[in-house]
Amino acid sequence: MPELPEVESVRVGLEQHVLGATIASVDVLRDSVARRSVSPSAFADAITGASIDAAVRRGKFLWLSLDADAVALSAHLGMSGQFRVYRDDVPVPHSHCRARFTLTTANGPITLDFLDQRTFGYLHAESFVHTADGLAGGLGSASPLVPESVAHIGRDALDPALVRSTVLTQWRRGIRGIKQLLLDQTIVSGIGNIYADEALWRARVNPVTPASALTGKATGGLLDATQQVMGEALAAGGTSFDALYVNVNGESGYFDRALNAYGRGGEPCARCGRPLQRAMIGGRSTHWCAKCQPVGRRS
DNA sequence: AGTAGCACCTGATTGC
DNA sequence: TGCAATCAGGTGCTAC
């Protein structure tokens, strides 16, 4: 479940079910899921026997802190990754199951599956590095550490430590269309294709507006809109259109019913009634209202 | 240094 | 009915 609200619902599920558990065994069902590790067996060896202390997230990057920050079990869900937790009735691994973990807890064993139809997601065992500002590395832990593979991305839209002025400066420094800046995970992480379109619609900013042409008021409004949309989606359990995007219990979120732009090309704009536009921009399908979101808008 | 393009995959849907 | 083309919530490497 790719964007921030969906990954956060997964993080909360992991926090509820696997905190304090010990990793008894790891079964890699498709080698490429551990492609960032030296080998699937090296991945399994690095985490087997470890205890899970925290479930942490920054943007779309998720990790479990093992053995008091000795090792990170990091996970990226890519386009289609899921975690599923089973306690009593453990099914035969799904055809999309790429790795299965067996955990031991005070209340008995748990099975944790990592499913990923399109295989863009991955699991990795790696070291931690310190954050530059010394503040908590992500939501779910007060530790000022992040996995090495997460160090290059910015803080996410809902992180209290996000520095607003820095974001606005970096957005306005870009020459690309503002949508591409929104998707740049090194500035603000967690924004994906759905919420980029939603935030732009809400802030009435055209997706192809050169970022450097935006006023400070416009970028400020865009960051506000991004945070609002993310917060509302999170409260609704995330966005899902089908069984591919579910929480650790296999349940879907409902925010798709509240989307105003994404996936609504040709349908009337909820503000003005004009049919929404749809086009490929920067390789991603993009939806906007030509009337409410004119190019060259000054504020 | 910053940016565009493409590669990485599977599967559902659409169109001929 | 069959088969090819298109599209999908992302990231990261390469080549300009």
Side-chain angles (χ1 to χ4, degrees), chain A residues 1-11 29-36 57-63 74-83 94-98 114-124 147-154 156-157 169-200 208 210-212 226 229-230 233-234 236-247 252-266 278-287:
Chain A
M1 318 176 144
E3 302 189 41
L4 184 158
E6 294 76 38
V7 181
E8 175 61 12
S9 67
V10 173
R11 187 197 70 79
L29 302 179
R30 181 175 170 124
D31 287 356
S32 65
V33 77
R35 60 187 175 277
R36 297 179 74 102
R57 179 194 57 73
R58 179 189 288 210
K60 305 166 200 168
F61 290 73
L62 188 61
W63 64 93
S74 47
H76 197 289
L77 304 179
M79 292 280 258
S80 55
Q82 307 178 358
F83 276 105
H94 188 277
S95 60
H96 297 156
C97 183
R98 309 310 184 195
F114 180 72
L115 282 63
D116 188 15
Q117 181 207 104
R118 292 183 66 188
T119 74
F120 289 167
Y122 61 82
L123 301 171
H124 188 32
E148 286 181 323
S149 67
V150 179
H152 69 291
I153 72 161
D156 70 50
T169 301
Q170 291 194 79
W171 277 352
R172 294 181 68 189
R173 202 157 57 202
I175 195 69
R176 293 174 286 172
I178 184 62
K179 174 163 179 182
Q180 283 158 281
L181 274 287
L182 278 179
L183 293 174
D184 186 337
Q185 304 295 302
T186 67
I187 302 175
V188 180
S189 61
I191 306 171
N193 203 37
I194 291 180
Y195 298 114
D197 281 4
E198 291 302 308
L200 288 162
V208 301
S212 55
T226 300
V229 170
M230 294 281 192
L234 183 56
T239 300
S240 54
F241 307 121
D242 53 48
L244 223 47
Y245 303 95
V246 297
N247 66 17
S252 294
Y254 294 99
F255 195 67
D256 59 310
R257 296 173 195 180
L259 295 177
N260 286 303
Y262 185 84
R264 298 197 176 280
R278 177 182 183 276
M280 291 297 260
I281 295 175
R284 313 300 300 278
S285 75
T286 301
H287 315 73

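Letters go in sequence order (proteins before strands), and every chain restarts at 1.
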Undergrad: Round to the nearest Å and state the distance from A:Asp116 atom CG to B:dC8 atom C1'.
TA: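 Answer to the nearest Å: 12 Å.
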Undergrad: When the P atoms of C:dT14 and B:dC9 are compared, how many Å lie between them, rounded to an integer?
TA: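 It works out to 16 Å between them.
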Undergrad: Test your reading of the model: is there a side-chain donor-acceptor pair from A:Glu8 to the backbone of A:Gly59, 3.5 Å cut-off?
TA: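 Checking the backbone N and O of A:Gly59 against the side chain of A:Glu8, no donor-acceptor pair under 3.5 Å is found.
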Undergrad: Nearest whole Å is fine: how far is C:dA8 C1' from A:Glu6 CD?
TA: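 That distance rounds to 14 Å.
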Undergrad: State whether the side chain of A:Arg58 and the backbone N or O of A:Val150 hold a donor-acceptor pair below 3.5 Å, judged by distance alone.
TA: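 No; zero donor-acceptor contacts below 3.5 Å.
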Undergrad: Could you state the CZ-P distance from A:Arg36 to C:dG10, rounded to the nearest angstrom?
TA: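 Atom-to-atom, A:Arg36 to C:dG10, this comes out as 17 Å.
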Undergrad: Select base, sugar-phosphate, or nothing to describe what A:Arg30 touches, counting heavy atoms under 4.0 Å on all strands.
TA: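 Since only primed, P, OP1 and OP2 atoms lie under 4.0 Å of A:Arg30, the category is sugar-phosphate.
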Undergrad: Any salt bridge linking A:Asp116 with A:Arg30? Criterion: basic side-chain nitrogen under 4.0 Å from a carboxylate oxygen.
TA: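 Salt bridge absent between A:Asp116 and A:Arg30.
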Undergrad: Output yes when A:Arg57 and A:Asp156 qualify as a salt bridge under the 4.0 Å nitrogen-oxygen rule, no when they do not.
TA: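 Judged by the 4.0 Å cut-off on N to carboxylate O distance, A:Arg57 and A:Asp156 do form a salt bridge.
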Undergrad: Give the rounded distance in Å between these two atoms: NE2 of A:His96 and P of B:dA12.
TA: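 Going from A:His96 (NE2) to B:dA12 (P), I get 7 Å.
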Undergrad: Does A:His152 make a side-chain N or O approach to OP1 or OP2 of C:dG12 shorter than 4.0 Å?
TA: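 Yes.
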Undergrad: Between C:dT1 and B:dG11, how many Å separate the two P atoms, rounded to a whole number?
TA: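 Result for the P pair: 22 Å, nearest Å.
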Undergrad: Ignoring hydrogens and angles, tell me if any N or O in the side chain of A:Ser80 forms a donor-acceptor pair with the backbone of A:Arg118 under 3.5 Å.
TA: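 A pair under 3.5 Å: yes.
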Undergrad: Given pairs defined as Watson-Crick or G-U wobble with both distances under 3.5 Å, what dot-bracket annotation applies to DNA chain C, with ( ) intrastrand, [ ] crossing, | other strand and . unpaired?
TA: .|||||||.|||||||
Undergrad: Could you tell me whether the phosphate oxygens of C:dA8, OP1 or OP2, come under 4.0 Å of any side-chain nitrogen or oxygen in A:Ser285?
TA: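 Looking at the OP1 and OP2 atoms of C:dA8, one of them is under 4.0 Å from a side-chain N or O of A:Ser285.
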Undergrad: Is the phosphate of C:dT11 approached by A:His76 (side-chain N or O, under 4.0 Å from OP1 or OP2)?
TA: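 It does, given that an N or O in the side chain of A:His76 lies less than 4.0 Å from OP1 or OP2 of C:dT11.
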Undergrad: Quick check, does A:Phe120 stack with B:dC8? I mean ring centres under 5.5 Å and planes off by under 30°.
TA: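 Yes; centroid distance and tilt both under limits.
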Undergrad: Determine, stepwise, if the pair A:Val208 / A:Lys179 fulfils side chain to side chain contact (heavy atoms under 4.5 Å, CB included).
TA: CA-CA 7 Å; A:Val208 301; A:Lys179 174 163 179 182; over 6 Å; no
Undergrad: Would the distance check show the side chain of A:Arg98 and the main-chain N or O of A:Gln117 forming a donor-acceptor pair, the cut-off being under 3.5 Å?
TA: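 Present.
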Undergrad: For A:Gln82 and B:dT10, what is the distance between atoms CD and P respectively, to the nearest whole Å?
TA: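 In whole Å, B:dT10 P lies 17 Å from A:Gln82 CD.
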Undergrad: In whole angstroms, how far is the P atom of C:dG10 from the CD atom of A:Gln117?
TA: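 From A:Gln117 CD to C:dG10 P: 15 Å.
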Undergrad: Please answer whether the main-chain N or O of A:Tyr195 pairs with a side-chain N or O of A:Glu3 as donor and acceptor at a distance below 3.5 Å.
TA: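 Such a contact is found between A:Glu3 side chain and A:Tyr195 backbone.
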Undergrad: Can you pull out the residues from residues 175-186 of chain A that lie within a 4.0 Å heavy-atom distance of DNA chain C?
TA: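 Within residues 175-186 of chain A, the residues near DNA chain C are A:Gln185.
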Undergrad: How is A:Arg173 classified with respect to the nucleic acid when contacts are heavy atoms under 4.0 Å: base, sugar-phosphate, or nothing?
TA: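 No contact.
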Undergrad: Angle class for the A:His152/A:Phe61 ring planes (parallel below 30°, perpendicular above 60°, tilted otherwise)?
TA: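 Taking A:Phe61 first and then A:His152, their aromatic rings stand perpendicular (interplane angle over 60°).
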Undergrad: Please measure how far the P atom in B:dA7 lies from the corresponding atom in C:dA5, and state the result in whole Å.
TA: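 Per the computed distance, 16 Å lies between those P atoms.
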Undergrad: Does the A:Ser74 side chain pair with the main chain of A:His124, one donor and one acceptor, at a distance under 3.5 Å?
TA: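 At least one qualifying donor-acceptor pair exists.
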Undergrad: Between C1' on B:dC9 and CG on A:Leu77, what's the gap in Å once rounded to a whole number?
TA: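 Those two atoms, CG and C1', are 16 Å apart.
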Undergrad: Round to a whole Å and report the spacing from CZ of A:Arg118 to P of B:dT13.
TA: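 It is 15 Å, rounded to the nearest whole Å.
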